[in-house]
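Labels below follow one simple rule: chain letters A, B, ... track the order of the sequence lines, proteins then strands, and each chain is numbered from 1.
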Amino acid sequence: MRLNWLRSAKRWQDTLRGETSPEDRRRNFETEVLAAGESLYRHALRLTHNADDADDLLQDTLSRAYQNFDRFQTGTNFKAWILRIMTNLFINRRRQQAREPVLESLDAEEEGFSLYERLLTESFDGAGFEIRPHQGGVQPHQGKNPEDLVLEKLGEEAIKAAINSLPEDYQLVVGLVDLDGLSYEEASAVLKVPMGTVRSRLHRGRTILQRKLYNYAKEMNYI
Amino acid sequence: MKTHRMDRLTCRQAQEKLFDYLDREIGERDRQRVEEHLAMCEACTRRFGFERKLLDQIREKAGRQGLPSDVKRRLAAMLRNI
């Protein structure tokens, strides 16, 4: 009885997904993968720190995800689903190699560091953000102020380098939430850690990132 | 719904909710309390605005790069070989 119910639920899911043939199934899978490709590759690199290993992990992830594509629920976030598969594969592989994840703690100077407060104390007289509660919360004014100018000078390479130099567990959460746009809940499922852990690693990761960007801006005489 | 005077956030409390607010990971009641605080506090409004802009810059400059062409080719080959 239960088996029949499962079969009919599966057929219904296929209908919803519009799958009537293996070709359609494959096409749907490829479309989803290509849309998530950038996040997948970036996450693989963040996990492995190595282009060859990232390729291997990506390949294994695609195979595993394709085998299990019937279990993916249409209408949910495919990117979060396949990133979770990738993370699980990586964790299992690393467990076999008996390596422990690295999680560095913040030093006293990093704890509570705020780029904004540091900029204010270094002779800036920034002016002007306004709140527009009915338009999605706080928004910056259009006009430039000194903090804006510092932000604009922070180039792509500097930001990427700062993210890549974060301790691994912070880098993963910052990447998933800040770059890939996952919610805390989705990142929690991908990394198999509680939401509270995602929140604390994200906040700490951002704090370290701000410290690194401040150091860079200082070195470049932007400040 | 207005919050009661005793329910208003201090600057410190508002800033503790900064990232949850910017990430839209905050409950409706707390969101209202943060926005009521921001409506009254120019310093926190500036701080929140700066942090919003920093996160936007990070996503814009490091998050939307597109796949390098060699990776695109490898990805397509992987899909063919599944």
*Asks:* Please tell me if the side chains of N81(B) and L62(A) come closer than 4.5 Å, counting only heavy atoms from C-beta onward.
*Replies:*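 Of all side-chain heavy-atom pairs linking L62(A) with N81(B), none is under 4.5 Å.
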
*Asks:* Between R206(A) and L55(B), is a side-chain contact (heavy atoms from CB on, under 4.5 Å) present by the stated rule, with each step listed?
*Replies:* CA-CA 9 Å; R206(A) 285 175 176 170; L55(B) 290 175; 3.6 Å; yes

*Asks:* Relative to chain B, which segment of E117(A) carries a heavy atom at a distance below 4.5 Å: side chain, backbone, both, or neither?
*Replies:*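 When you check distances to chain B, only side chain atoms of E117(A) fall under 4.5 Å.
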
*Asks:* Between L75(B) and L40(A), is there a side-chain heavy-atom distance shorter than 4.5 Å?
*Replies:*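 Side chain of L40(A) against side chain of L75(B), heavy atoms only: no contact under 4.5 Å found.
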
*Asks:* In Å and rounded to the nearest 0.5 Å, what is the CZ to CD1 distance from R26(A) to I82(B)?
*Replies:*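 These two atoms lie 6.0 Å from each other.
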
*Asks:* In Å, rounded to the nearest 0.5 Å, how long is the span from CG of L179(A) to CD of E60(B)?
*Replies:*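 Here the interatomic distance stands at 12.5 Å.
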
*Asks:* Using heavy-atom distances under 4.5 Å, tell me whether S183(A) contacts chain B through its side chain, its backbone, both, or neither.
*Replies:*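 Both parts, backbone and side chain.
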
*Asks:* Provide the closest heavy-atom pair for A62(B) versus K160(A) in the form atom of the first, atom of the second, distance.
*Replies:*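 Here A62(B) and K160(A) meet closest at CB-CG, 3.7 Å.
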
*Asks:* Could you measure the distance from the CG atom of L115(A) to the CZ atom of R47(B)? Nearest 0.5 Å is fine.
*Replies:*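 So the CG of L115(A) and the CZ of R47(B) are separated by 9.5 Å.
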
*Asks:* Less than 4.5 Å apart, side chain to side chain, heavy atoms only: is that true for L151(A) and F50(B)?
*Replies:*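 Counting from C-beta outward, L151(A) and F50(B) do come under 4.5 Å.
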
*Asks:* What is the distance from atom CG of D23(B) to atom CG of D178(A), rounded to the nearest 0.5 Å?
*Replies:*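 Atom-to-atom, D23(B):CG and D178(A):CG are 6.5 Å apart.
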
*Asks:* Please lay out, stage by stage, how L79(B) and Y66(A) fare under the test side-chain contact (heavy atoms from CB on, under 4.5 Å).
*Replies:* CA-CA 9 Å; L79(B) 283 169; Y66(A) 189 61; over 6 Å; no

*Asks:* Looking at chain B, which one of V174(A), L58(A), L209(A), D180(A) has the largest number of heavy-atom pairs inside 4.5 Å, strictly under?
*Replies:*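 The candidate making the most pairs under 4.5 Å is L58(A).
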
*Asks:* Please, which pairs that meet salt bridge (charged side-chain N to carboxylate O under 4.0 Å, His left out) have at least one residue in residues 51-60 of chain A, sequence neighbours excluded?
*Replies:*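 Pairs touching residues 51-60 of chain A that pass the test: D55(A)-R74(B), D60(A)-R93(A).
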
*Asks:* Given that the side chain runs from C-beta out, which part of I58(B) has a heavy atom under 4.5 Å from chain A: side chain, backbone, both or neither?
*Replies:*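 For I58(B), the contact with chain A is made by backbone and side chain together.
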
*Asks:* Using modelled atom types only, decide if a donor and an acceptor are shared between the side chain of K53(B) and the backbone of D148(A) within a distance under 3.5 Å.
*Replies:*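 Checked: no pair found.
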
*Asks:* Crowded around R64(A) CZ? As in, over 12 foreign heavy atoms under 6.0 Å?
*Replies:*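 No.
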
*Asks:* Quick one: does K61(B)'s side chain have a donor or acceptor within less than 3.5 Å of a partner on E152(A)'s backbone?
*Replies:*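 The answer is yes, because a donor-acceptor pair under 3.5 Å joins these two groups.
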
*Asks:* May I ask you to name which of S39(A), S63(A), G37(A) has the most heavy-atom pairs under 4.5 Å with chain B?
*Replies:*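 Looking at each option in turn, the highest pair count goes to G37(A).
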
*Asks:* Would you check if the side chain of R59(B) reaches a backbone N or O of V177(A) as a donor-acceptor pair within less than 3.5 Å?
*Replies:*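 At least one qualifying donor-acceptor pair exists.
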
*Asks:* Which value, rounded to the nearest 0.5 Å, describes the distance between K72(B) atom NZ and E38(A) atom CD?
*Replies:*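 Rounded to the nearest 0.5 Å, the NZ-CD separation comes to 9.5 Å.
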
*Asks:* Heavy-atom cut-off 4.5 Å, strictly under: side chain, backbone, both or neither for Y184(A) against chain B?
*Replies:*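 Contact with chain B is through both the backbone and side chain of Y184(A).
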
*Asks:* Do any of residues 13-20 of chain B have a heavy atom less than 4.5 Å from a heavy atom of chain A, and if so, which, in residue order?
*Replies:*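 Within residues 13-20 of chain B, the residues under 4.5 Å from chain A are Q15(B), F19(B), D20(B).
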
*Asks:* When you compare the side chains of E51(B) and Q210(A), does any donor N or O come within less than 3.5 Å of an acceptor on the partner?
*Replies:*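 Present: a donor and an acceptor within the cut-off.
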
